[in-house]
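Below is one structure, written out as structure tokens; the observations come after it.
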Amino acid sequence: MEAAAETLAGLDGPVDWRVAHAGDPDQAVSCVAETIERFGGLDILVNNAAANPHFGPMIDITREQAVKTVEVNQLGLLAWCQAAYRARLAEHGGSIVNISSVGGLGPEPGIGWYNVTKAAVVHITRQLAFELGPSVRVNALAPGLVKTDFAKVLWETHEERIAVRLPMRRLGLPDDIATAALFLVSEAASWITGQVIVVDGGATASPSGGVG
């Protein structure tokens with residue numbers, strides 16, 4: 001909560017934040033309702049929350065870990081889309097951006113089940129784009145390895161070794177993903193829906209097929 005408050009304190013204009021379980025549909029409905037009440041509307045939804053309680057071979061994941069990952073990454077994402085659509089977007093239109101992953105496009109070591117849920121995000125995005133157009137556009141971003149606390153186990157001890165294999169010679173930063181999302185929700189992307197844009201520093205364009 002402190003990190004969220006510090007981040008928002010540095011932003012211009014009216015801002016607000018809530019603490020909620022991203023996989024709980026009731027809390028999604030509540031947050032959407034409070035957003036509309038606070039700001040007078042809702043035009044954009046970015047589904048960025050994710051969970052990954054298991055790191056290692058997918059064959060070793062427990063059912064509890066698997067269910068928790070699906071609850072947040074897949075069912076939670078759908079719940080937020082439903083809440084926003086029913087409360088505002090169905091009548092007024094808008095844009096949804098779902099955060100998938102390059103891992104959802106192919107296998108990787110260590111985070112196989114997480115990537116299964118991110119592959120589901122790709123299909124959810126395309127299905128909702130088909131169902132909700134033309135008033136609501138639904139797209140996804142598939143980030144490569146980004147320097148976040150969430151992904152720290154993947155890069156912290158060998159950042160340089162990974163970066164040198166990328167055409168851009170660096171790992172991603174949160175702003176790289178944020179600016180891509182900003183494009184997708186803007187009028188500049190008004191004829192783009194149902195698409196997955198890869199933002200990975202060129203990893204999937206490399207002969208190795210990516211980073212891992």
Side-chain angles (χ1 to χ4, degrees), residues 3-4 7-8 17-25 27-28 31-32 35 42-55 68-85 89 94-108 110-129 132 136-155 171-186 189 192-204 210-212:
T7 299
L8 295 180
W17 58 280
R18 294 289 185 273
V19 176
H21 185 332
D24 186 330
Q27 293 187 49
C31 285
V32 166
T35 297
L42 174 65
D43 305 300
I44 296 166
L45 171 66
V46 178
N47 281 305
N48 188 48
N52 186 34
H54 173 76
F55 183 80
K68 178 177 176 60
T69 312
V70 170
E71 179 184 41
V72 175
N73 299 3
Q74 187 172 338
L75 297 178
L77 178 144
L78 179 60
W80 280 85
C81 290
Q82 290 173 324
Y85 183 75
L89 301 185
S95 180
I96 297 173
V97 175
N98 298 319
I99 307 301
S100 179
S101 169
V102 292
L105 308 178
E108 282 185 286
I111 53 175
W113 186 252
Y114 171 83
N115 287 342
V116 168
T117 65
K118 289 302 184 176
V121 170
V122 170
H123 193 76
I124 289 171
T125 297
R126 291 171 175 158
Q127 184 68 31
L128 289 182
L132 305 185
V136 179
R137 296 187 300 107
V138 188
N139 292 290
L141 294 174
L145 188 52
V146 179
K147 292 178 64 176
T148 64
D149 289 340
F150 182 79
K152 189 174 290 187
V153 67
L154 300 177
W155 61 267
L171 301 189
L173 299 173
D175 278 354
D176 294 316
I177 311 307
T179 52
L182 185 61
F183 163 70
L184 284 177
V185 302
S186 74
I192 299 175
T193 194
Q195 302 305 306
V196 181
I197 296 181
V198 175
V199 188
D200 68 350
T204 51
V211 298

Considering residues at least two apart in sequence or located in another chain, which fulfil the side chain to side chain donor-acceptor pair (under 3.5 Å) criterion with Ser101? none

Smallest separation among heavy atoms of Thr179 and Asp176, with atom names: OG1-O, 3.2 Å

Shortest non-hydrogen separation from Ala84 to Leu42 and the atoms involved: CB-CD2, 3.7 Å

Do you see a donor-acceptor pair shorter than 3.5 Å between the side chains of Glu108 and Asn115? yes

How long is the gap from CD1 on Ile197 to CD1 on Ile192, to the nearest 0.5 Å? 5.5 Å

Please identify which of these residues, Val196, Leu141, Asn98, meets the side-chain contact (heavy atoms from CB on, under 4.5 Å) condition with Val121. Asn98

Are Val122 and Ile124 side-chain neighbours, meaning at least one heavy-atom pair lies under 4.5 Å? no

Under the rule for side chain to side chain donor-acceptor pair (under 3.5 Å), what residues qualify as partners of Gln82, not counting sequence neighbours? none

Kindly write out the residues that satisfy side chain to side chain donor-acceptor pair (under 3.5 Å) with Gln27, not counting sequence neighbours, or none if the list is empty. Asp24

Run the side chain to side chain contact (heavy atoms under 4.5 Å, CB included) test on Trp113 and Asn52 for me, step by step, so that the C-alpha distance in whole Å, both residues' side-chain angles and the decisive distance to 0.1 Å come before the verdict. CA-CA 8 Å; Trp113 186 252; Asn52 186 34; over 6 Å; no

One should read off an interatomic distance between Asp43 CG and Leu45 CG, to the nearest 0.5 angstrom, of 11.5 Å

What is the distance from atom CD1 of Ile99 to atom CG of Leu77, rounded to the nearest 0.5 Å? 9.5 Å

Atom pair CZ/OG1 of Arg18 and Thr35 - distance to nearest 0.5 Å: 7.5 Å

Does one side chain, of Asn73 or Thr69, offer a donor that lies under 3.5 Å from an acceptor on the other? no

Contact between Val146 and Pro174 at the side-chain level, heavy atoms closer than 4.5 Å - yes or no? yes

Shortest non-hydrogen separation from Val72 to His21 and the atoms involved: CG2-CE1, 4.0 Å

Closest non-hydrogen atoms of Arg126 and Gly194, given as atom of the first, atom of the second and distance, are CG-O, 3.5 Å

Any donor-acceptor pair under 3.5 Å linking the side chain of Arg137 with the backbone of Leu184? yes

Can you tell if the side chain of Ser100 reaches within under 4.5 Å of the side chain of Thr125, non-hydrogen atoms only? no

Does any part of the side chain of Trp80, heavy atoms only, come nearer than 4.5 Å to the side chain of Pro25, both counted from C-beta? no

Within the structure provided, determine whether Ile96 and Tyr85 are in side-chain contact (heavy-atom separation under 4.5 Å). no

May I ask you to test the Asn47-Val97 pair for a side-chain heavy-atom distance under 4.5 Å? no

Side chain to side chain, Gln74 and Val116, heavy atoms closer than 4.5 Å: no

Asn139 side chain to Gln195 backbone, donor-acceptor under 3.5 Å: yes

Measure the shortest side-chain to side-chain distance between Val198 and Leu105 over non-hydrogen atoms and say whether it is less than 4.5 angstrom. yes

